[in-house]
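In what follows, every chain begins at residue 1, and chains take the letters A, B, ... in the order their sequences are listed. Just so it is clear, the structure is predicted and the values come from calculations on it, not from any experiment.
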2 protein chains.
Amino acid sequence: MEDNADKTSEARNADAQPVSDDDVYTEDGDLRSDFVERVTTALEQGDRDSLTDEVGELHESELGDLLESLDSDERGQLVTMLGSDFDFSALTEVDEAVRLEIIDAMPNERIAEGLADLDSDDAVYILEDLDQEDQDDILAKLPFTERIRLRRALDYPEDTAGRRMQTEFVAVPPFWTVGQTIDYMREDEDLPESFSQIFVVDPTFKLMGVIDLDRILRTKRKVKIEDIMRDTNYPIAAEMDQEEAAQLFEQYDLLSAAVVDKNGRLVGVLTIDDVVDVIQEEAEEDLMRMGGVGDEELSDSVRATSRSRVPWLLANLFTAFMAASVISLFEATIQEIVALAVLMPIVAGMGGNAGSQTMTVTVRALATRNLSFRNAPRIIRRECLVGLINGLIFGLLIATVAGFWFQSAEIAGIIAAAMLINMFVAALAGIVVPLILDRFGADPAVGSAVFVTTTTDIIGFFAFLGIATWWFGVS
Amino acid sequence: MEDNADKTSEARNADAQPVSDDDVYTEDGDLRSDFVERVTTALEQGDRDSLTDEVGELHESELGDLLESLDSDERGQLVTMLGSDFDFSALTEVDEAVRLEIIDAMPNERIAEGLADLDSDDAVYILEDLDQEDQDDILAKLPFTERIRLRRALDYPEDTAGRRMQTEFVAVPPFWTVGQTIDYMREDEDLPESFSQIFVVDPTFKLMGVIDLDRILRTKRKVKIEDIMRDTNYPIAAEMDQEEAAQLFEQYDLLSAAVVDKNGRLVGVLTIDDVVDVIQEEAEEDLMRMGGVGDEELSDSVRATSRSRVPWLLANLFTAFMAASVISLFEATIQEIVALAVLMPIVAGMGGNAGSQTMTVTVRALATRNLSFRNAPRIIRRECLVGLINGLIFGLLIATVAGFWFQSAEIAGIIAAAMLINMFVAALAGIVVPLILDRFGADPAVGSAVFVTTTTDIIGFFAFLGIATWWFGVS
């Protein structure tokens with residue numbers, strides 16, 4: 001097992017030695033402007049010493065924040081001036097656009113040097129966005145063991161556990177004693193800074209069990225490893241989707257988990273800190289998708305941003321014309337009673353708002369797996385009831401205001417009925433649309449909003465103008 | 001330090017011994033219906049043995065999922081039938097409404113018994129939702145040390161690090177050797193199942209440093225604790241807001257952190273698994289607030305749901321009437337050219353969609369602290385440009401369709417101009433509104449949607465109908 005000594009997993013508590021939080025951030029969590037100014041001044045004056053003073057001791061995430069708040073030119077200057085003092089792990093803390101900009105400006109030799117210092121998961125995170133040619137070239141410049149290790153992770157598809165795992169870990173044979181294991185850890189100079197579990201493997205590297213460090217500490221020296229190891233309850237398949245892996249971490253409050261290949265051989269370890277990022281990205285994705293912005297980032301260019309937003313606007317435009325054509329069915333009625341044109345956006349809009357309330361709850365419940373086909377009927381019933389009740393409340397409210405405004409009990413009655421209908425339909429659409437999308441394997445966060453507001457617009461206009469046309473007998 | 005031996009922190013790797021995942025969940029992550037049926041059958045028949053067979057070995061989160069998917073009656077039966085075998089930690093895994101329903105049905109003696117087995121953070125999580133009287137009564141029924149420990153956490157305000165921390169931890173004096181520390185851990189029978197750090201404190205319990213377990217393992221027995229302890233870079237004040245603490249964990253990839261009181265005395269430890277929940281709640285909150293649903297849960301009653309949604313609908317109603325009154329300014333024009341009534345929702349709606357795209361990006365960037373006053377001007381410029389470009393694209397597109405539809409180059413020109421104006425305003429409002437709300441300490445996720453859509457509705461109607469009125473010269 002000797003050759004694994006220098007590849008043990010590295011947890012993050014030990015290497016966190018940043019400048020105190022107060023030094024670079026304001027109370028609101030923004031970077032302090034005087035700090036950023038000192039950095040830009042040093043950059044302008046080409047003053048490498050004061051630059052190193054300012055940023056040399058920064059934590060990777062602080063350096064990442066700094067990079068993001070600098071202009072494009074300044075970023076390049078900073079990386080160049082720092083030279084080999086530049087901490088590549090900061091690149092895992094910035095937006096993809098910023099990362100690619102910095103990486104693209106560097107020769108591959110320099111990238112290979114920088115990556116060699118990183119944990120394998122961080123190196124893979126940076127490498128995976130590059131094109132195949134650059135990837136191969138950079139890998140070829142790395143030492144053999146590094147190359148093999150990164151290649152192993154990169155061979156797994158994007159967004160799998162295999163891509164996110166660390167390929168460094170500590171593994172010992174089952175027949176060692178606790179004493180042997182402790183001595184091995186005491187004497188081996190190449191051990192990494194920090195790790196929280198030791199894996200037990202057979203000679204073919206098949207995973208046999210796992211031991212938490214505290215268990216080792218609490219056990220007498222002569223006890224055998226195989227007698228205190230426990231089952232790994234959740235060995236994660238390397239091909240597993242990272243979201244699925246994150247859900248296992250969440251559900252069972254795991255701190256780390258072994259990653260195994262198809263033959264049950266240990267290939268890496270997935271740790272909670274990588275998973276936290278996945279969990280956050282997940283929740284963010286839902287928010288962004290529901291708002292009609294894909295995986296846009298703040299540092300994207302005008303052109304990229306504009307283009308990425310067009311599809312959603314196009315989809316909405318299509319449905320807007322559908323709603324407009326519903327209105328055009330009733331042109332004669334509107335010409336006779338213009339009040340209808342004034343009030344119709346209220347009916348459609350309130351339906352849209354009510355629908356998106358229900359839809360938000362539904363999308364989130366689907367994402368967190370709180371909503372399933374077993375409890376769906378109960379929740380649909382509840383939403384429909386809520387829709388009816390709020391339809392009644394707002395129907396009456398709007399009827400009162402509209403009745404006084406246009407001095408017409410008829411209009412009041414018509415808008416009340418239309419509101420009741422549309423709020424009920426909104427509730428039904430708000431829950432049924434995401435459920436159906438989910439059932440057919442589509443992402444409910446992406447498509448729901450368009451379908452739901454289309455429904456509420458069309459039903460809103462149709463109910464309001466239709467009832468009015470019927471009541472007033474306009475042909 | 002003897003009296004701390006049984007209060008050491010408990011990480012979660014070791015106690016996770018649930019039924020294999022495949023047994024209770026389908027591939028989609030829902031509970032298997034045949035499993036739920038076996039449970040409900042056992043409940044109906046009052047068959048305690050088969051009930052225990054089915055649920056006795058479940059992980060707390062699996063039992064929680066089961067509770068949520070049962071009917072209200074069945075939940076009560078299950079808890080009653082399991083009796084003292086019911087694992088109270090499952091209550092930390094269910095919605096608040098379900099938790100309160102189960103707890104309210106229990107006598108306080110029974111609750112006190114159940115809580116005594118839990119970690120302090122889980123016990124506090126359950127206790128904090130109860131009213132003061134019940135809390136006091138249950139605390140009074142607990143053993144002295146338990147009571148003191150829970151009281152200490154409950155004394156900190158809601159949503160602070162002090163509320164979320166575990167008050168169990170391992171602490172040793174700095175003058176001990178590594179050997180003494182290991183022997184202490186080997187011999188003390190009362191040590192908890194798992195922990196990953198040891199804290200170093202002075203006789204007044206003032207925090208002096210921290211040692212990760214792997215460091216202990218790699219150090220020779222005769223070395224003194226004070227020589228290998230490291231600074232706790234991020235001791236978290238017990239009064240710190242839990243979100244702020246979660247941000248520290250995220251930013252610095254922490255796995256656990258000491259929680260200290262105002263005098264720097266160690267009072268507990270905050271672990272990543274508690275923080276993961278906070279991070280997820282955070283991201284969810286933004287999503288829910290932007291969708292106009294507060295901290296609603298799937299298990300809330302019809303009445304609670306209906307009531308919680310009224311305020312947002314009311315705010316939207318108010319703004320809908322404002323938009324309607326803009327339309328009513330142009331009644332004469334609409335009566336003359338009904339096509340305007342057909343097309344005006346398109347102008348307003350597309351503006352609303354574009355605005356909410358920008359707003360979504362802005363709200364998320366503010367929440368993740370990627371947007372600050374330093375880079376705001378750059379982002380505002382970008383958004384305005386994107387708004388102009390997409391305004392041009394969609395203005396031309398809509399003009400073409402509308403022009404052919406109504407056979408009028410005039411209407412085409414008017415709608416193109418109105419679209420350009422409204423998409424620009426939408427972009428500006430989408431970024432400036434959340435920024436201003438954030439600046440004044442309001443939550444941008446709550447208010448932005450209402451303000452942004454009001455702006456795009458009003459400007460959309462005003463620009464389209466106003467230009468038309470001016471062009472066609474209707475008085």
When you compare the side chain of B/R309 with that of A/V361, does any pair of heavy atoms fall below 4.5 Å? yes
Using heavy-atom distances under 4.5 Å, tell me whether A/E244 contacts chain B through its side chain, its backbone, both, or neither. neither
Spell out, as yes or no, whether a donor-acceptor pair under 3.5 Å connects the side chain of A/S61 to the backbone of B/Q251. yes
State, with a plain yes or no, whether a side-chain heavy atom of B/K220 is found less than 4.5 Å away from one of A/E187. yes
Under 4.5 Å from any heavy atom of chain A, what part of B/F321 do you find: side chain, backbone, both or neither? both
What part of A/F330 gets within 4.5 angstrom of chain B, counting heavy atoms only: side chain, backbone, both, or neither? neither
Taking side chain as everything from C-beta outward and backbone as N, CA, C, O, which of these in A/A324 sits under 4.5 Å from a heavy atom of chain B? Side chain, backbone, both or neither. both
Reported CD1-to-CG distance for the pair B/I216 and A/L213, which is rounded to 0.5 angstrom: 10.5 Å
Check whether any side-chain N or O of A/E331 sits under 3.5 Å from a backbone N or O of B/V338 as a donor-acceptor pair, and report yes or no. no
What verdict does the side-chain contact (heavy atoms from CB on, under 4.5 Å) test give for A/L397 and B/L314, after you've listed the backbone C-alpha separation in whole Å, the side-chain angles of each residue and the deciding distance to 0.1 Å? CA-CA 10 Å; A/L397 203 60; B/L314 259 184; 3.6 Å; yes
Between B/R221 and chain A, with a heavy-atom cut-off of 4.5 Å, which part of the residue counts as in contact: side chain, backbone, both or neither? both
In the structure I gave you, are the side-chain heavy atoms of A/D253 and B/E60 within less than 4.5 Å of one another anywhere? yes
Starting from the C-alpha separation in whole Å, work towards a yes-or-no answer on side-chain contact (heavy atoms from CB on, under 4.5 Å) for B/V310 and A/F394. CA-CA 9 Å; B/V310 165; A/F394 283 91; 4.1 Å; yes
Structural part of A/Q247 lying under 4.5 Å from a heavy atom of chain B: neither
Can you tell which part of A/L70 gets under 4.5 Å to a heavy atom of chain B, answering side chain, backbone, both or neither? both
Contacting region of A/S325 [heavy-atom separation from chain B under 4.5 Å]: both
Of the options B/L255, B/V275, B/T271, which is the one that meets A/I272 in a side chain to side chain contact (heavy atoms under 4.5 Å, CB included)? B/L255
Could you check whether the rings of B/Y252 and A/H59 sit parallel, tilted or perpendicular, using 30° and 60° as the cut-offs? perpendicular
OG on B/S328 to CZ on A/F406, rounded to 0.5 Å: 6.0 Å
Can you tell which part of A/V326 gets under 4.5 Å to a heavy atom of chain B, answering side chain, backbone, both or neither? neither
Would you check if B/D71 and A/R378 make a side-chain contact, meaning some heavy-atom pair closer than 4.5 Å? yes
What are the two closest heavy atoms between A/S306 and B/N390, and how far apart are they? OG-OD1, 2.7 Å
Any idea which of B/I182, B/L317, B/D65 has the most non-hydrogen atom pairs under 4.5 angstrom with chain A? B/L317
Sub-4.5 Å side-chain heavy-atom contact between B/P345 and A/I327: yes
If I measure from the heavy atoms of chain B, does A/T358 come under 4.5 Å with its side chain, its backbone, both, or neither? both
Among B/I393, B/T305, B/I389, B/L340, which residue has the highest count of heavy-atom pairs closer than 4.5 Å to chain A? B/T305
Which pair of heavy atoms, one from B/N316 and one from A/M350, lies closest together, and at what distance? C-SD, 4.0 Å
Go through B/I346, B/T360, B/V401, B/L217 and name the one with the most non-hydrogen pairs under 4.5 angstrom from chain A. B/L217
Using heavy-atom distances under 4.5 Å, tell me whether B/L313 contacts chain A through its side chain, its backbone, both, or neither. both
Below 4.5 Å from any heavy atom of chain A, which atoms of B/I398 appear? Answer side chain, backbone, both or neither. both
Can you tell which part of A/M359 gets under 4.5 Å to a heavy atom of chain B, answering side chain, backbone, both or neither? neither
Donor-acceptor pair, distance only, cut-off 3.5 Å: does the side chain of A/R186 make one with the backbone of B/T219? yes
So, the part of A/I379 with a heavy atom under 4.5 Å from chain B: the answer is side chain
In terms of heavy-atom proximity below 4.5 Å to chain B, should A/V302 be classed as side chain, backbone, both, or neither? both
Find the distance between CD (A/Q335) and CD1 (B/I337) and round it off to the nearest 0.5 Å. 10.0 Å
Given a strict heavy-atom distance threshold of 4.5 Å, which part of B/I334 is in contact with chain A: side chain, backbone, both, or neither? side chain
Taking side chain as everything from C-beta outward and backbone as N, CA, C, O, which of these in B/D457 sits under 4.5 Å from a heavy atom of chain A? Side chain, backbone, both or neither. neither
